[in-house]
2 protein chains.
Amino acid sequence: MSLKYMILGCLTEVPIHGYDMLRVIFRDFAEQGPEVNSGQLYTLLNRLEAEGLVEREVVQQDKAPNRKLITITPQGREEFYQWLRSDAAEREYIRYDFFHRYGFLYKVNHFNKMSREERLDKVDQQLAQMEEKLANLESAWTDMSQRGKDPYRILILEYGIEAQKTKIQWLKRLREAVSSAAALDSDESQ
Amino acid sequence: MSLKYMILGCLTEVPIHGYDMLRVIFRDFAEQGPEVNSGQLYTLLNRLEAEGLVEREVVQQDKAPNRKLITITPQGREEFYQWLRSDAAEREYIRYDFFHRYGFLYKVNHFNKMSREERLDKVDQQLAQMEEKLANLESAWTDMSQRGKDPYRILILEYGIEAQKTKIQWLKRLREAVSSAAALDSDESQ
DNA sequence: CCGATCATGTAACGGGTTACATGATTTC
DNA sequence: GAAATCATGTAACCCGTTACATGATCGG
């Protein structure tokens, strides 16, 4: 379970309440803010509390709905640091992981079953999407470096940007291949 | 469900039996052959058969365990082509997907909680793993192009190789940052 | 007053993993 | 005769998603 350690890691830095965590953690994974997956968060939080890794305290707010401030317990902190130092989650057994979960690539795998127009269409759409995403990442970078965030976190974002650029460059090559080659119109495989 | 379409896609090209599919499909995702996730395959296959998308026929083999040859039905083929042409599975809503599921990156996010030695250690390990993986991908490429496979499939592999190189380059930059900078030893975050 | 946002939750489902069971055949 | 590989399967579990429910407060 990876979210568990995201939560604990987040809490090692500052106590926070659930809704804010949703915005902080999930905002970055799904494009827009909440209502994204409150489901998982609150149920996990229940479990973590039962396990004694976090504590929740109701904070009365006048003129606003009550919040529950979540703090990490010493055991929680302990477990997070142990995980952090272990080599858990660092190994990737998956050889073709770039392929895994990237539906578009899987469809390229079956391009020989599509017409040239269909291929071009798909590639162009993908390119547009990926370029938009790159722009997003880049503006996030500007934002982050202006706010003087932890340099490691900026570096992480820079990895994301590089990876995205690599993807785009490859998509352009793919586009070339689709648009130019009759030789690529092979039908058999294997 | 993505595996469903991997199976159907595989079957549009050639009838195959379950165990072979395990080797073909899963070999590429988990490093070594079966016994990897036979669980999912056979249960899914049951469902696909019940839905009339595939058919199974027992093939008696003397001097070997019986196999069940799986063929795709016209409905199965139909459904696969529809999926292929739709834009299903092509959109990525996840902004920081490069971060998602890449445990190592998440730990870099918490590098400020580790000593310089621990950081270097982690980075070096990761580098070694990623370089090994690159070598694997490259030998797979040699293999594939010698066997004259579908050019699109070779292109896909080339994307994997490029992505892996990007990762490695970044890891080297990260290593630099860790080994050289005292300035990076910031403690606060936010 | 209505809709948006803040804030917390439950229930059902679904895909995927792990672990286990079975049994044959080939190789050492 | 033991271990490895071929071949098919079941059951339990876990993580995550979807969909829904509740209720308060704020802006128009």
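Values in this document were obtained by computation on a predicted structure and should not be read as measured data. Each chain gets a letter, A, B and so on, in the order the sequences are listed, and its residues count up from 1.
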Tell me whether the OP1 or OP2 atom of C/dC6 has a side-chain N or O from A/Asn66 closer than 4.0 Å.
-> no

Is there side-chain contact between B/Leu105 and B/Lys167, with at least one heavy-atom pair below 4.5 Å?
-> no

Whole Å only: how far is the NE2 atom of A/His100 from the P atom of C/dT17?
-> 6 Å

Under 4.0 Å between a side-chain N or O of A/Lys4 and OP1 or OP2 of D/dC15?
-> no

Side-chain (A/Thr73) to main-chain (A/Gly52) donor-acceptor, under 3.5 angstrom | yes

Starting from C1' on C/dG15, measure out to CE on B/Met6 and report it in whole angstrom.
-> 13 Å

Taking only the side-chain nitrogens and oxygens of A/Tyr19, find out if one of them lies under 4.0 Å from OP1 or OP2 of C/dT8.
-> no

Which of these nucleotides, D/dA7, C/dT8, D/dT18, is closest to any side-chain atom of A/Lys68?
-> C/dT8

NZ/NE/NH1/NH2 to OD/OE distance under 4.0 Å, B/Arg67 and B/Asp20 | no

Atom CG of B/Leu44 to atom C1' of D/dA11: distance rounded to whole Å?
-> 16 Å

Mind calculating the distance between CG (A/Leu48) and P (C/dT8) to the nearest angstrom?
-> 15 Å

Below 4.0 angstrom, N of the basic side chain to O of the carboxylate: do B/Lys113 and A/Glu13 qualify?
-> yes

All N/O pairs under 3.5 Å across the protein-nucleotides 22-25 of chain D interface:
residue, atom, partner, partner atom, Å
D/dT25, O3', A/Lys63, O, 3.0

Counting just side-chain N and O atoms, does A/Arg47 come under 4.0 Å of either OP1 or OP2 of D/dC15?
-> yes

Answer yes or no: is there a side-chain heavy-atom contact under 4.5 Å between B/Leu171 and B/Phe104?
-> yes

Please figure out whether B/Arg56 or A/Thr43 has its closest DNA chain D nucleotide nearer the 5' end.
-> B/Arg56

Length of the CD1-P vector between B/Ile16 and D/dC6, whole Å = 14 Å

On a heavy-atom basis, the closest approach of B/Trp83 and B/Ala89 is CZ2-CB, 4.2 Å

Closest nucleotide among D/dC6, C/dT10, D/dT8 to the B/Arg67 side chain | D/dT8

Whole-Å distance, A/Leu45 CG to D/dC15 P, equals 15 Å

Which heavy atom in A/Leu84 sits nearest to a heavy atom in A/Glu90, and how many Å separate them?
-> O-OE2, 4.5 Å

Atom-pair distance (OH on B/Tyr42; C1' on D/dA11), nearest Å = 17 Å

Are side-chain N/O atoms of A/His100 and A/Tyr96 paired as donor and acceptor at under 3.5 Å?
-> no

Rounded interatomic separation in angstrom, taking CD1 from B/Ile7 and P from D/dT8 = 13 Å

Between A/Asn46 and C/dT10, does any side-chain N or O lie under 4.0 Å from OP1 or OP2?
-> yes

Picking from D/dT17, C/dG16, C/dT8, which would you name as closest to the side chain of A/Asn37?
-> D/dT17

Using only side-chain N and O atoms of B/Gln40, determine if any of them is under 4.0 Å from OP1 or OP2 of C/dT17.
-> yes

So what does B/Leu3 touch, heavy atoms closer than 4.0 Å: a base, only the sugar-phosphate, or nothing?
-> sugar-phosphate

